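Note that the coordinates shown come from a computational prediction; the quantities given were computed from them, not determined experimentally. The analysis underlying the following values was restricted to heavy atoms, covering all of them including side chains, and did not include hydrogens, waters or symmetry mates.
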Amino acid sequence: MTEALSSSEKYLWQYVQEHAEDIVNISIVELSEKANVSTATIVRTMKKKGYSGYTPFRQEAIRKLTDKTQDFKALKETDHEIRSAILKNQYEVDNTINNLNIGVMEDAIQKISHAKHIYIFARGLSKLIGEDILLKFELLGKDAQLHDDPNIIKTLGKQTIGTDTVAIFLTLNGNTPELVNAAQSLSKNEVTTITFTCNNDGNIIPYSDLIFLGVKSAESYFPKYEVRSRLPLQILTRIFLDAYAIRIQSH
């Protein structure tokens, strides 16, 4: 497991991911100036991410960019804005998969396998992902329920007790009040909580036993509305459900 990043290191890691094409052409000193962080912060971040330093990270970035250039030759004739949209989604997919924690995956599979009851809690557009999870659990013979009503979510959070129940939370920012409230209550009631989110600093994190952390782009093509990409959550839940299905079928 990689060591947790500090706030400045998280900022730097986000910066280098979003400026991958620039990284291949700049030194550690130039990156320090552009990202407004110290060279020591750059080295610490790279080591925590599994590299021996900035140079190995830059070399891998060059290789990935070369591969991407080959894979996306057709994009050269595509409108710049559309190309940016495609690469934005690739950024979310690649980094969400790279962020997967296999230990968390295995623990979550075990918890779901032994659970008699599963509650899925989601609000807004995340409910659509919840419906997909619910259908697949039903197909696999699990007793599952999906709830998106805030009052029902808070009530179930307070009333549900027992180690034979698992609660799954789908929350992009991890700060939805009723979800945080329910997670807090369930944590006190010794109910296992599994959270799929894109915010490692969300208010729900302290009350989550198992956390699947996705990576989303800061850019939105619907700035006037609260419509953020759920692609990272879709990726995480699909991989988890596929892995769970494989495990139970193999046994």
Side-chain angles (χ1 to χ4, degrees), residues 1-73 75-76 83-84 86-109 172-174 194-202 205-206 208-219 229 231-240 242-243:
M1 180 185 297
T2 56
E3 190 177 346
L5 301 180
S6 66
S7 57
S8 60
E9 291 163 351
K10 286 180 182 177
Y11 160 75
L12 172 65
W13 188 248
Q14 180 81 4
Y15 180 91
V16 298
Q17 295 300 308
E18 295 184 352
H19 297 81
E21 294 185 6
D22 299 327
I23 296 301
V24 299
N25 297 313
I26 62 177
S27 67
I28 187 172
V29 175
E30 291 172 318
L31 175 59
S32 173
E33 294 173 351
K34 288 180 178 292
N36 196 28
V37 298
S38 68
T39 55
T41 297
I42 297 173
V43 173
R44 283 198 307 271
T45 303
M46 297 308 160
K47 287 186 175 180
K48 287 183 178 180
K49 282 296 183 178
Y51 301 94
S52 59
Y54 174 68
T55 299
F57 168 77
R58 182 169 169 269
Q59 290 172 341
E60 182 172 300
I62 293 173
R63 179 182 59 77
K64 287 183 176 179
L65 183 61
T66 302
D67 293 342
K68 184 185 297 184
T69 301
Q70 295 297 322
D71 293 339
F72 286 88
K73 283 183 177 179
L75 293 181
K76 290 181 178 179
R83 184 164 64 247
S84 296
I86 294 172
L87 294 177
K88 167 184 175 290
N89 283 279
Q90 187 194 23
Y91 164 79
E92 294 187 345
V93 172
D94 289 348
N95 287 282
T96 293
I97 292 175
N98 289 337
N99 216 36
L100 270 174
N101 186 313
I102 301 303
V104 170
M105 177 85 71
E106 293 289 355
D107 288 346
I109 289 173
L172 196 65
N173 62 20
I194 302 174
T195 299
F196 292 85
T197 185
C198 289
N199 183 9
N200 198 36
D201 297 317
I205 296 299
S208 304
D209 297 311
L210 297 168
I211 302 164
F212 288 83
L213 186 63
V215 177
K216 69 179 180 66
S217 171
E219 188 174 5
S229 170
L231 181 59
L233 299 187
Q234 291 173 316
I235 295 166
L236 290 172
T237 54
R238 179 169 180 175
I239 292 174
F240 170 67
D242 285 351

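- Among pairs with a residue in residues 25-44, none fulfils ring-ring contact (aromatic ring centres under 6.0 Å, His included), at least two apart in sequence or across chains.
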Would you sort out whether Val16 and Asp22 count as a side-chain contact (heavy atoms from CB on, under 4.5 Å), showing the intermediate values?
-> CA-CA 8 Å; Val16 298; Asp22 299 327; over 6 Å; no
Walk me through it: do Val43 and Ile28 pass the test side-chain contact (heavy atoms from CB on, under 4.5 Å)?
-> CA-CA 9 Å; Val43 173; Ile28 187 172; 3.9 Å; yes
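- The CD atom of Glu30 sits 9.0 Å away from the CG atom of Asn25 when rounded to the nearest 0.5 Å.
- Taken to the nearest 0.5 Å, the CG atom of Asp94 stands 8.5 Å off from the CD1 atom of Ile235.
- Residues satisfying the side chain to side chain donor-acceptor pair (under 3.5 Å) test with Thr45, not counting sequence neighbours, are none.
- With hydrogens and angles disregarded, no donor-acceptor distance shorter than 3.5 Å links the side chain of Gln14 to the backbone of Tyr11.
- Asp209 pairs by the side chain to side chain donor-acceptor pair (under 3.5 Å) definition with Thr193, not counting sequence neighbours.
- Of all heavy-atom pairs spanning Met105 and Ala243, the tightest one is SD-CB, 4.0 Å.
- Contact check for Trp13 versus Lys49: side-chain heavy atoms found under the 4.5 Å cut-off.
- Qualifying salt bridge (charged side-chain N to carboxylate O under 4.0 Å, His left out) partners for Arg58, counting only residues two or more places apart in sequence or in other chains: none.
- Not counting sequence neighbours, the partners of Lys10 by the salt bridge (charged side-chain N to carboxylate O under 4.0 Å, His left out) test are Asp201.
- Listed by chain and number, the residues in a salt bridge (charged side-chain N to carboxylate O under 4.0 Å, His left out) with Glu106 are Arg247 (sequence neighbours excluded).
- Aromatic ring pairs are classed by plane angle as parallel below 30°, tilted from 30° to 60° and perpendicular above 60°; the pair His19 and Tyr15 is parallel.
- Every side chain to side chain contact (heavy atoms under 4.5 Å, CB included) that Thr55 has, sequence neighbours left out, goes to Gln59.
- When all heavy atoms of Leu233 and Cys198 are compared, the pair lying nearest together is CD2-SG, 4.2 Å.
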Step by step, work out the side-chain contact (heavy atoms from CB on, under 4.5 Å) result for Phe57 and Ile23.
-> CA-CA 9 Å; Phe57 168 77; Ile23 296 301; 3.9 Å; yes
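- Distance check: Ile102 CD1 to Ile109 CD1 gives 9.0 Å after rounding to the nearest 0.5 Å.
- Side-chain atoms of Thr96 do not come within 3.5 Å of backbone N or O of Val93 as any donor-acceptor pair.
- Rounding to the nearest 0.5 Å gives a distance of 12.0 Å between CD of Glu92 and CD1 of Ile97.
- Looking at residues two or more places apart in sequence or on another chain, you find a side chain to side chain contact (heavy atoms under 4.5 Å, CB included) between Leu213 and Asn99, Thr197, Asn200.
- Gly202 approaches Pro206 most closely through the heavy-atom pair O-CD, 3.8 Å.
- Of the possible donor and acceptor atoms, one in the side chain of Lys48 sits under 3.5 Å from a partner among the backbone N and O of Ala4.
- Thr195 meets the side chain to side chain donor-acceptor pair (under 3.5 Å) test with Ser208; sequence neighbours excluded.
- Looking at every heavy atom in both residues, Ala108 comes nearest to Phe240 through CB-CE1, 3.5 Å.
- For the atom pair NZ of Lys216 and CG of Asn89, the computed distance is 13.5 Å after rounding to the nearest 0.5 Å.
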Under 3.5 Å, which donor-acceptor pairs link side chains of residues 31-40 to any protein atom two or more places apart or in another chain?
| unit_1 | atom_1 | unit_2 | atom_2 | d |
| --- | --- | --- | --- | --- |
| Ser32 | OG | Val37 | O | 2.4 |
| Ser38 | OG | Thr41 | N | 3.1 |
| Ser38 | OG | Thr41 | OG1 | 2.9 |

Step by step, would you call Val215 with Tyr91 a side-chain contact (heavy atoms from CB on, under 4.5 Å)?
-> CA-CA 8 Å; Val215 177; Tyr91 164 79; 3.7 Å; yes
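- Shown here are the side chain to side chain donor-acceptor pair (under 3.5 Å) partners of Glu60, two or more places apart in sequence or in another chain: Tyr51, Lys64.
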